[in-house]
K.L.:
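Structure incoming, see below.
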Number of protein chains: 2
Amino acid sequence: MDQKKALFYEMVSFITSVHQTMYVMTKELPLGDVTPVQYGILEYIAVSQPVTLSEISDCKHISMPNTSRELKKLTDKGMCEKAEAEDDKRKQYIRLSSKGQQFMDAAFAHMEREFLGRIGSADGEELEQMRRAMVLLRTKVFDTDGAI
Amino acid sequence: MDQKKALFYEMVSFITSVHQTMYVMTKELPLGDVTPVQYGILEYIAVSQPVTLSEISDCKHISMPNTSRELKKLTDKGMCEKAEAEDDKRKQYIRLSSKGQQFMDAAFAHMEREFLGRIGSADGEELEQMRRAMVLLRTKVFDTDGAI
DNA sequence: GTATTTTGTTGTCAAATGATAAGTAAAAGA
DNA sequence: TCTTTTACTTATCATTTGACAACAAAATAC
């Protein structure tokens, strides 16, 4: 029983380190006129495109009206494009524009450089250990489905 | 070389899972009239008390004027207390009040329940694996000092 | 002893975000 | 066909958060 409590406190400390690291890795990322929430939306689109407004709303936990508003701002800025779905005319498939794609490519490249700087001196064996550690935690602790 | 790139993408996915999990674990946490930023400050005080305003400002990446304002709101709400430092009269040592301590105890208890629900079926061997995985990642990837 | 730095405060402003009401149009269900 | 549900929009408002200027008091440096 106490082993679980200890693991909980280890997790609290772990989460703090993760947040701090992500702050350091992204603080110099040039956002231009893109706000943090808008960046989060772009990141989600980049990974999951094409997406619908409802999917953004669900996954990023932003209400539909606010999602609509922020997405309008992003399209006005030329970062993404909406296309009516053929099968369902209510839906819109959203993708990054080429400008948005360049923006996100640069963002990921920046993060990757920061990341490589961190793991720079690790050899193949260590990298494989880290990968296994991430997979383990992702499936046993940070799985989105909830319980194991 | 490509192994590192693969690990980077694994980390991106990992971070997404961590965020999603923390969202689920904290979304039902009763914040009352405490805003998210204020909660973050309380969490930091709880773990590191006593702390100074400058430390909160540095660690939570909030400007001094804004830290001062939010902390004033928290003391007005009776969540924390300021005490002048004996050695340096400019400094203030900040601690949770008993109300604030109760609030944070409840918050941590809530998170711990959520956490235990997630790892519920894991045995001692698995728990030890998870602990080692967190320690490994915390020291080799998410270390606050930067490089290895 | 004076200048500078550190620590914190107060006030004000603007931007970002969250919440809600009301509406449109298409799809699905009855 | 009529009703209901889904997907999204528009408009509006309040709150939260971030940024900046100006200030005060204590400590430190010179």
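Each chain gets a letter, A, B and so on, in the order the sequences are listed, and its residues count up from 1. The analysis underlying the following values was restricted to heavy atoms, covering all of them including side chains, and did not include hydrogens, waters or symmetry mates.
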K.L.:
When clusters are formed from ILVMFWY side-chain contacts under 4.5 Å, directly or step by step, what else is grouped with Y93(B)?
P.N.:
none
K.L.:
I need the residues from residues 33-42 of chain B with at least one non-hydrogen atom less than 4.0 Å from DNA chain D; give them sorted by number, or say none.
P.N.:
T35(B), P36(B), V37(B)
K.L.:
Sorted by first residue and then second, give each side chain to side chain donor-acceptor pair (under 3.5 Å) pair with at least one member in residues 47-60 of chain A; sequence neighbours left out.
P.N.:
Q49(A)-Q101(A)
K.L.:
With sequence neighbours left out, write down each residue that passes ring pair (Phe, Tyr, Trp, His ring centres under 6.0 Å) with F108(A), or none if nothing qualifies.
P.N.:
none
K.L.:
May I have the list of side-chain donor-acceptor pairs in residues 30-40 of chain B shorter than 3.5 Å, sequence neighbours left out?
P.N.:
unit_1 : atom_1 : unit_2 : atom_2 : d
T35(B) : OG1    : Q38(B) : N      : 3.3
Q38(B) : OE1    : T35(B) : N      : 3.2
Q38(B) : OE1    : K77(B) : NZ     : 2.9
Q38(B) : NE2    : E70(B) : OE1    : 2.8
Y39(B) : OH     : E43(B) : OE2    : 2.9

K.L.:
Decide yes or no, distance alone: a donor-acceptor N/O pair under 3.5 angstrom between the base of dG18(C) and the side-chain of R69(A).
P.N.:
yes
K.L.:
So, using side chain to side chain donor-acceptor pair (under 3.5 Å) as the criterion, who are the partners of R131(A) when residues are at least two apart?
P.N.:
E128(A)
K.L.:
R90(B): which residues meet the side chain to side chain donor-acceptor pair (under 3.5 Å) condition with it, sequence neighbours left out?
P.N.:
D88(B)
K.L.:
Considering the terminal five base pairs at each end of the helix from dG1(C)-dC30(D) to dA30(C)-dT1(D), what angle separates the two local helix axes, rounded to 10°?
P.N.:
30°
K.L.:
List in chain and number order the residues that pass side chain to side chain donor-acceptor pair (under 3.5 Å) with S63(A), two or more places apart in sequence or in another chain; answer none if no residue qualifies.
P.N.:
N66(A)
K.L.:
Any chance you could list the contact pattern along nucleotides 20-28 of chain C? Use B for base contacts, S for sugar-phosphate-only contacts and - for none, protein heavy atoms under 4.0 Å, 5' to 3'.
P.N.:
BB----BS-
K.L.:
What are the residues of residues 45-53 of chain B, sorted by number, that bring a heavy atom to within less than 4.0 Å of DNA chain D?
P.N.:
none
K.L.:
Apply the hydrophobic cluster definition, ILVMFWY joined by side-chain contacts under 4.5 Å directly or through others, and give me every member besides V24(A).
P.N.:
Y23(A)
K.L.:
I62(B) has an atom CD1; how far is it from atom C1' of dT9(C), in whole Å?
P.N.:
16 Å
